[in-house]
Protein chains: 2
Amino acid sequence: MNIQEDAADGVSPASTSHTSDSALVRSARAARGPSIGDVARAAGVSAQTVSRVSNGLTNVEEKTKQRVLDAMKQLGYRPNRAARALKSGQFKSIGVIMFNLSTYGNRRTLDAIATAASQAGYSVNLIPLHDPTTGTVTGAYTRLKEQDVDGVVIIFEAHLFDRADITLPEDLPAVVIDSSPGYGYPMVDTDQAEGARFATEHLLDLGHQQVWHIGGPVSSFSARHREESWRRTLDEAGIEAPTVLHGDWSTESGYQVGMELGRDREVTAIFAANDQMALGAMRALHELGRLIPEDVSVVGFDDLEESTSFWPPLTTIRQDFLAVGRVSIEKLLQQIAGNTPASVVTTVPTRLMVRQSTAAPAR
Amino acid sequence: MNIQEDAADGVSPASTSHTSDSALVRSARAARGPSIGDVARAAGVSAQTVSRVSNGLTNVEEKTKQRVLDAMKQLGYRPNRAARALKSGQFKSIGVIMFNLSTYGNRRTLDAIATAASQAGYSVNLIPLHDPTTGTVTGAYTRLKEQDVDGVVIIFEAHLFDRADITLPEDLPAVVIDSSPGYGYPMVDTDQAEGARFATEHLLDLGHQQVWHIGGPVSSFSARHREESWRRTLDEAGIEAPTVLHGDWSTESGYQVGMELGRDREVTAIFAANDQMALGAMRALHELGRLIPEDVSVVGFDDLEESTSFWPPLTTIRQDFLAVGRVSIEKLLQQIAGNTPASVVTTVPTRLMVRQSTAAPAR
DNA sequence: ATGAAAGCGCTAACAC
DNA sequence: GTGTTAGCGCTTTCAT
């Protein structure tokens, strides 16, 4: 390896002086900030009182409290996390093990996790993984334990592989985000079944006699749940479900299945297991000259940011990834607090977003 | 919000008992692990000696050292990070501020960062951001400072927007991964210029008289660097660079530019600023009936995982994202250690990967 | 080569 | 309502 170093281009005299400035600041930073004792002295109270104010306890006279607050502000006091951690035995840090950063949903979820954790005063320790084998998961666990995280959120990527054979270590509070059944861990997931029911019922309500389904890969639990729920909904309406054609979540696969379905003039309503396949199917329908929604109605699942700009704007099921993330943190913090809940599946509701890709069937 | 909880499906009797098991384990976990004192007692030495062993100091007799090591292993001792942090004032934690998790390169880089940091005993505190405005960056900084990180790595997404107007706070060691010039901060970047030169020279060496370029968006610094270097390389060979057509990094835009270029029979060699545009261009060439590499040679930039399965397998410039991540951490740790280096740009070398999309021009 | 003492910043427990 | 005391687990300093 032959890594090169050059003086930064574009360093003007101004930025040169700024560089030495920040060097100064940095070395100053090495000196510790004001401690609780400094604040106490400045406010003329005991350290304990400062601690009470700092933790929002009520048994402090309003006047004293103000004095302390002022002293804090003036000195730029920030409590020392390390000392707190040492005292409490908790690091206020949660680990996130995650496969496949690339998925839209995963990114949103991670985001929500980071935000929720941050609001609760926890930091997020990310371990990205590539292949979801027991080995790598265990390794990630080990790394996280060494970092003394207080708990772990594991985000499985149901969209890409079946990782049912993974076993999880047991000595750390954990929450799993996934659609697979029973892990013995608290799990959080979008209500796949509800979403699929909403989609199917919406099409039936519009007057369609039958609803075709473009399924996701059979290896995916969420895809299976969506398919089962679609089938059940038809069942309950006394309709026999037609054969399912499966895609692999990609636009391309949606296009191919869309071509199949579109050629069949019987087909007037399609529920695709995700927005991308819905997009592909719509392209196929366009190419076949079938009008959306006049000839064929299409519903997706996910509600991608772009789905509202598809042509036509896609009716779809919105997954609330933010809630999934938030709820996971909530559950995890409960566990960390010691209220170890029975292993439950928490389910986050979906929402039908009606846009222009669905309508009543033509007579 | 109407979040539902159900007993987990699929919980067999076996997993039920396992659940109560882990509840036990968890409550046990609340009790602190063995401390340095416990180890000392078990080994019949003082706590200091244990500390010395734990920190790999040399002034401990081999025999004592073994006794201590044994005691550690037997008790399952792990040093308490909080106590260390309290003593040293360092948290052994670095923050990562990152835009756009979705990019292949960014993911690889994040990965390398997480790995390198972990190996150095640092944890990684991730703050994902959406829009790269000064405000959000400052906010992220604040959050990280509250978490007492020891330093920050900022990964800009040069591919998507021009964020030259962002100013960075100054009171925390930081490394920026980006292609923009002079920040006053240490920066790490792929050697864009070298890569573009490799690509262009490779085509010239094969005997092509001219090399056309599909540029990235003008708002991107890395795209600009690649274009400049391509132009310089042609210059040096005494060739006047043809007009550049710019894409937006997408396959689709590569396809469109590819169509333009492919219709021109003069064009025998194309250097695309990334692999995706190269892919699009190849599709265009295929559609136009021009053979690759017999009629037209194509070179990309990035070396995506899939590039070896393109048709034909793409000759391209490999970016060593892992090294970028590793080097950033290296630089950051140096800074944290106090060796505040002058603001420099560290450049990570590229590699030409010759595959089947390039050949000598037909006579 | 090893140990004893002190203290990092904070808070729980107990005064008053 | 507020202060005092003690100690979390570790390392630095100084003795031995």
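The analysis underlying the following values was restricted to heavy atoms, covering all of them including side chains, and did not include hydrogens, waters or symmetry mates. Keep in mind that what you see is a predicted model, and the values were worked out from it rather than measured. In what follows, every chain begins at residue 1, and chains take the letters A, B, ... in the order their sequences are listed.
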Among residues 60-72 of chain B, which contact DNA chain D at a heavy-atom distance under 4.0 Å?
none
Which heavy atom of B:Gly44 sits nearest a heavy atom of B:Arg67, and at what distance?
O-NH2, 4.0 Å
From A:Ile336 atom CD1 to A:Ile94 atom CD1, the distance as rounded to the nearest 0.5 Å
7.0 Å
Output a table of nitrogen or oxygen pairs between the protein and nucleotides 12-16 of chain D separated by less than 3.5 Å.
from   : atom 1 : to      : atom 2 : distance (Å)
D:dT12 : O4     : B:Gln48 : OE1    : 2.9

Look at all strands and tell whether B:Asn59 reaches a base, only sugar-phosphate, or nothing, counting heavy atoms closer than 4.0 Å.
base
Any residue meeting side-chain contact (heavy atoms from CB on, under 4.5 Å) with B:Leu69, in chain and number order, not counting sequence neighbours:
B:Val53, B:Lys65, B:Gln66, B:Met72
Check whether any side-chain nitrogen or oxygen of A:Arg84 sits under 4.0 Å from OP1 or OP2 of C:dT11, and answer yes or no.
yes
Looking just at side-chain N and O atoms, do A:Thr64 and A:Arg52 make a donor-acceptor pair shorter than 3.5 Å?
no
Can you measure B:Asp38 atom CG to D:dG7 atom P for me and round it to whole angstrom units?
16 Å
Side chain of B:Ser35 only, heavy atoms from C-beta on: which candidate in D:dG9, C:dC10, C:dA1 is closest?
D:dG9
Interatomic distance, A:Asn55 CG vs C:dC10 C1' [rounded to whole Å]:
9 Å
The single option from B:Asn125, B:Leu126, B:Asp150 passing side-chain contact (heavy atoms from CB on, under 4.5 Å) against B:Leu144:
B:Asn125
Out of curiosity, A:Ile97 CD1 to A:Ile177 CD1, how far, rounded to the nearest 0.5 Å?
12.0 Å
Starting at CD1 of A:Ile36 and ending at P of D:dG7, how long is that distance when rounded to a whole Å?
19 Å
Would you mind telling me which of D:dC10, C:dT2, C:dC10 lies closest to the side-chain atoms of A:Asn80?
C:dC10
Can you tell me how far C1' of D:dC8 sits from CG of B:Leu86, to the nearest Å?
9 Å
Do A:Arg108 and A:Leu322 come within less than 4.5 Å of each other through their side chains, counting heavy atoms only?
yes
Atom of B:Phe91, atom of B:Arg81 and distance for their closest heavy-atom approach
O-NH1, 3.4 Å
